[in-house]
Amino acid sequence: MMSKIELAPHIREIARVLEGKATEQEIERDLDNYLNVYRMSLEASRRHIVRKYGGDPADLSGGESRSLSQLGLNEGSVDVLVHVLSTTMREITVSGAPKTIQSGIVADETGATMAFTVWDLTKAELKSDTNYLIRYAYTREWNGRPELHLGNRVVVEERPSEEITVPEDISIPAIGGRSAPQVVKIGELRDGLNNIIVTGRILSLKSREVDTPSGRKTIHSGIIGDETGRVEYTAWEDFELMEDEVITISNGYVKGWKGIPRVSFGERAEITKLDIEFPSADELSGEVLRTIEEIERNGGAFDVTTRGTVVDIKKGTGLIFRCPECRRVVLKGVCQVHGKVQQVPDLRIRAVIDDGFASMTAVMRKEISEALTGITLKEALDEARETMDTETISQRFEEYLLAKPLVVRGTVMSDDYGLSMTVNEARFFKPDVRSEAEALLSKIEVI
Amino acid sequence: MIMREPAWRVFASEFNASTLEFKGEGEKDPAYVITPLGAMINRLFIVGILTDVQNLGSEQEPYWRATVSDGTDRFFIYAGRYSPEASNILSEIEPPSFVAVIGKSRTFVSDEGRFYISVRAENILTVDEHIKDNWLLETIRATLRRIDATEEAMQMEVPTIESLVNLGYPAVLAEGVVRAMEHYEEPDVNRFRGTVLEALEQLLPDRGFDLPAPRDMPISPDEIEDEDLDDGEQEEVILSLIDELDSDKKGAPLAELIKEATSRGINEDELEEISNSLLDKGLIYEPTIGRMKRI
């Protein structure tokens, strides 16, 4: 049953259309009657009341409950009456914590379909093949089309099956996939790609059990690779994947986290196990060299190697202190979350690496910082005690690193401030000047 | 996403040949110098020989001007109170030495409409020869890539950013090349092939260079006329004169150099041209005004 507060916007809307032909009290009483005594849908009730007092129900169409085809790309509050065609649960990471969301496809009486996502399962959980009146949802643009989002303000009401008749011949689109299938190499994957066909060798595999509304499920995740790169994957159904086998995923999609692509495939995907010539797991575990500009085009990358010159050293490089609880960097022994703490010393480098066409921040942990600069944490602490200052260590780090060419390997993500790599390996780059110069010369002489 | 401006790798001869500045409409949009080959420079990374440092400001508020030669031409580098780190380093550094400079491009148009171009240093530091060699390699590769992109664009009826990106060029370069094509019309790519060869010569000094056609091609017709003298030989003469006259190790006094050069058939104008060329190549520098010294 709908509460008074939920009805209020509809009462106002009907009163607006009736232009004083009825009072809000009359409308409220009628609406309550239609909805709760005669159990009519909200939409139908609204139309009946408007007609009863001599108004034009068409004027309501600009109101809240609309057909899917009328929805714009980024609307703040929309109400729709829909039939759920399909649903699926997904696990995502929000601020480092796993979270389960629901997504799927809804349709309405006009035959229009739309992808939806439920972000808060305590507010709503939609069942397949069921009708709902969804209120206070919002839309967001995705690949040029609106998608329906059910956030924490959403109010969902299950409606009887006879209320909506969805035309029979509508086709159910794949989740998020409205484009033609596209064959892509792993090195080309970037967030948002849909309906893709990817072939690769499974380099690692982990399984875990998750609870979903349709029962307990085994999902697999790990790393898959081809000659252009490696990427993490998640299989939302049990496809009986085996480590080291070569598979083709059809109708997979890429869901990124901060630009790091991840291939996902669920019940709509098809997995073909292949017995073909394919680079071995060993051959696929080496360095994948990409320019910073190429990484930028994809918005991020999983485990790549790139090269560039250190053109800037950022704050927070050198000797730093961390909170023992959360590893955050603390200032004067005070963690922004845990307050006064027994701070733990650490070494870190945050360097801007630039190859002349693009740049990124490279973040290097203690072991890598020590290896590159030759300054150990112990030495840094001793020196800081002597000078009563951590600044000299930062300066020495800068002297060692600035203007030096580096080769770095790691995973690159992007945020509002650009690309940032969490470095797993780093070394100074020393070109063979003579042979490279000869090679370049022959390139010009040919012309 | 706010992208940090990349630090372009360009040779001084390409940078100094620029006559185009571009700035977006927004107040905070960065300004770019666009070179004839389409480098769209807001920031650049330079390695070369610091040949001269002068304080144009005062003792209390120094404003440094330095020249850094990369072997193809000189970069003019400025550092003042807005870049205290670079300013401090310039006050201590003794030319000649290998330096790396990270800085922003600056332009100035005189009343007569002449376009002046320089670099405001963000950071500057001394480096070793390996860093210089690696910079030369990187800058050669980057220059060749710009030459390629420019030639591709020249073949297109209407060059567009999209069509260059589709050919695999970075979007920043594609945009720069399209803008350069509008402004410079037919960029003289062969001149910059010559620049690349000069840089390769530095990396392969003992290799006999069979300079192919581009290098012999005049930059503009009026430069052919006084080509009847052998530049190389004259440079050798001046270099040995500088050595000879540098008796006190503070550099050869210019007045004496002019006298000695004239007696060897090189007049004052020619001497100036030769010493400019030697300065550009980083073979000599001016320790103080009026003195020349070998590097």
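Hydrogens, waters and symmetry mates are skipped; everything else that's a heavy atom, side chains included, is used. Note on naming: letters A, B, ... go to the chains in the order of the sequence lines (proteins, then strands), and numbering restarts at 1 for each one. Just so we're clear, the structure is a prediction, and the values are computed from it rather than from any experiment.
B:Ile131 and A:Pro405 get closest at one heavy-atom pair: CD1-CD, 3.8 Å.
By the neighbour-count criterion of 12 heavy atoms within 6.0 Å, atom CD of A:Gln395 is densely surrounded, having more than that number from other residues, nucleotides or ligands. Sparse packing is recorded around NZ of A:Lys185, with 12 or fewer heavy atoms of other residues, nucleotides or ligands lying under 6.0 Å away. Atom CZ of A:Arg190 has 12 or fewer neighbouring heavy atoms from other residues, nucleotides or ligands inside a 6.0 Å radius. Other residues, nucleotides and ligands contribute more than 12 heavy atoms inside 6.0 Å of the NE2 atom of A:His149.
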- Please lay out, stage by stage, how B:Leu200 and A:Ile444 fare under the test side-chain contact (heavy atoms from CB on, under 4.5 Å). CA-CA 10 Å; B:Leu200 278 168; A:Ile444 305 177; 3.6 Å; yes

- Go through the steps for A:Met360 and B:Met3 under the test side-chain contact (heavy atoms from CB on, under 4.5 Å), then give the verdict. CA-CA 9 Å; A:Met360 66 173 194; B:Met3 299 312 286; over 6 Å; no

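With a 4.5 angstrom heavy-atom cutoff, B:Ala7 touches chain A via backbone and side-chain atoms both. Of the two parts of A:Glu436, the backbone and the side chain both hold a non-hydrogen atom closer than 4.5 Å to a non-hydrogen atom of chain B. Looking at A:Ala358, only its backbone comes within 4.5 Å of chain B, counting heavy atoms on both sides. For B:Ala199, no part lies near chain A; criterion is any non-hydrogen pair under 4.5 Å. Proximity to chain A is absent for every atom of B:Val99, based on heavy atoms less than 4.5 angstrom apart. With a 4.5 angstrom heavy-atom cutoff, B:Glu129 does not touch chain A via any of its atoms. Only the backbone of B:Glu5 comes within contact range of chain A, judged by heavy atoms closer than 4.5 Å.
Residues B:Leu197 and A:Leu441 are in side-chain contact: their nearest non-hydrogen atoms beyond the backbone lie under 4.5 Å apart. The shortest distance between side-chain heavy atoms of B:Asp133 and A:Lys430 does not fall below 4.5 Å. For the pair A:Lys443 and B:Arg141, the minimum side-chain heavy-atom distance is 4.5 Å or more. At a threshold of 4.5 Å between non-hydrogen side-chain atoms, the residues B:Arg4 and A:Asp312 count as touching. Annotation: side chain of B:Leu203 is not in contact with side chain of A:Arg434 (no heavy-atom distance under 4.5 Å). Looking at A:Glu399 and B:Leu125, their side chains never come closer than 4.5 Å, going by heavy atoms from C-beta outward. For the pair A:Thr309/B:Arg9, a side-chain contact is recorded, criterion being any heavy-atom separation below 4.5 Å from C-beta on.
In this structure, B:Arg145 forms a cation-pi arrangement with A:Phe357, its terminal cationic atom sitting closer than 6.0 Å to the ring centre and no more than 45° off the ring axis.
The CG atom of A:Asp355 lies 10.5 Å from the CH2 atom of B:Trp8; values are rounded to the nearest 0.5 Å. For the atom pair CZ (A:Phe428) and CG (B:Asn134), the distance works out to 12.5 Å, reported to the nearest 0.5 Å.
In terms of heavy-atom pairs under 4.5 angstrom with chain A, the leader among B:Leu173, B:Leu136, B:Asn123 is B:Asn123. Looking only at heavy-atom pairs under 4.5 Å with chain B, the residue among A:Glu294, A:Arg297, A:Lys404 that has the most is A:Arg297.
Judged by distance alone, the side chain of A:Asp354 and the main-chain N or O of B:Pro6 form no donor-acceptor pair under 3.5 Å.
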